[in-house]
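Letters go in sequence order (proteins before strands), and every chain restarts at 1. Everything numeric in this text was worked out from a predicted model, so none of it was measured. Note that these values count all heavy atoms, side chains included, but never hydrogens, waters or copies made by symmetry.
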Number of protein chains: 2
Amino acid sequence: MRHWFIDKEPNGMASWQEAFPDSLVFGRDHLSRIGTGDEPGVLWFRIRAGEVLTAVFHGVALPPRILFVVLADEPSDSLIEEALASGASGCCNTYAAPDVLRQVALVVENGGLWIGRSLLSSLVGSTSRLLAKNGEKARVDNWCERLSERETQVARLVANGASNREIAEQLFITERTVKAHLSAVFEKLAIRDRLQLSLRINGVSI
Amino acid sequence: MRHWFIDKEPNGMASWQEAFPDSLVFGRDHLSRIGTGDEPGVLWFRIRAGEVLTAVFHGVALPPRILFVVLADEPSDSLIEEALASGASGCCNTYAAPDVLRQVALVVENGGLWIGRSLLSSLVGSTSRLLAKNGEKARVDNWCERLSERETQVARLVANGASNREIAEQLFITERTVKAHLSAVFEKLAIRDRLQLSLRINGVSI
DNA sequence: CAAGCCATTGAACCAAAGTACAGTCTCGCG
DNA sequence: CGCGAGACTGTACTTTGGTTCAATGGCTTG
């Protein structure tokens, strides 16, 4: 099973290579060359923040043996809907850990759909209102709305279990700067540490 | 990983037992007794022709370690929507072959959604994949199975965002003891800190 | 009984996380 | 142009988390 990663620029995340050492990372201009052989595989397509899937993924016809997963910088209901409508087998976080990526691969390779635990609740909320019986409405926690772009980026990595050092390396900044961003995040969201941030972002205890 | 099948009458289909020889079949009156232990598993709930899911599956609160799949005598789009809205990880045909059932289990145990061949093909257009290719048996994460009772208790509190001091106060032990339990948990689960423990327990990244 | 697991704790220690109080640089806006 | 916001960094500090040496007592099981 091959794995191709498509990013805007052909750099990609380190975690991708970690998850699938034999995988290949391409820029979007190489998209048309994926899956020309007979080999089955998974195409991971990164959608950056603010982008619309259908705008960057138009007119691409994948053969049925090539499965397709959207990697979302900023997952949202609409993006998931678009992804599924475009034939994707799933939508997961760009910053997901290697273990998670392999898990996603396992699911989609077996014919399942993967939209993530945390995303599931919001999707369900959009497809049906049945859950709103006890007056509890599935409100979406837009935690990132008050955060700057960089703060959001750091917060996401923290929520996936990364240490300050790892985040620093990933973003090419010092550990000190990571701490600065995090302190700002904690204050803006009125939480006290990274674990609570993770719970908040992952929708465990909203 | 346990499998419970709930039918209107506690007879069930032969194919269910064939798919999971250790599974149990109950009538709907036994539904409330499912998942009272710590054991993780999959609950398969049969919806007969003409029935409405929400009418027969109301007010049932399953713990998060119990996954839930709807077995539909007559699958329809609306039933699938209802199923997902009720927290189901999938919806497949009551009369599905044992191989298919095991495939569904494989997908949902790994956090994926399985919404059946027909809808899947209309969305994804992909054919199903072969099952258990490498003979690798994917299992759900029963993290607490190797932990002692006290370790499990501490781990759960950590996963909810508690600090060591808070845990100590709550359990009437010293902070030192909390640390001891946590160190044991980290080693047994092969993880490095409390954030990863939280992700593991909360099913964000298995 | 001996062996082993479990719960508990202490002292000391190191590493990571987070805070306080700075500063530089860039960029957009009125 | 001045001003504010955001990205970035430094030094120093406190707190928290986690490990490494122990040790004690209860409990079950062969």
- Message: Could you check whether atom CZ of A/Arg48 has more than 12 heavy atoms from other residues, nucleotides or ligands sitting under 6.0 Å from it?
- Response: yes
- What does nucleotides 6-18 of chain C look like as a protein-contact string, B for base, S for sugar-phosphate only, - for none, at under 4.0 angstrom between heavy atoms? SSSBBB----SBB
- Item | Aromatic ring proximity, centroids under 6.0 angstrom, A/Trp44 and A/Phe68 | no
- Item | Basic-acidic side-chain contact under 4.0 Å: B/Arg2, B/Asp22 | no
- Task: Assess the pair B/Phe26 and B/Phe5: is the distance between their ring centroids shorter than 6.0 Å?
- Result: no
- Query: Between A/Glu51 and A/Arg28, is there a salt bridge with N-O shorter than 4.0 Å?
  - Reply: yes
- Query: Does the pair A/Glu166/B/Arg192 count as a salt bridge with the N-to-O cut at 4.0 Å?
  - Reply: yes
- Computed from five pairs at either end and rounded to 10 degrees, the angle between the axes of the helix from C/dC1-D/dG30 to C/dG30-D/dC1 is 40°
- Message: With rounding to the nearest 0.5 angstrom, report the CG to CG distance, B/Leu199 to B/Asp193.
- Response: 9.0 Å
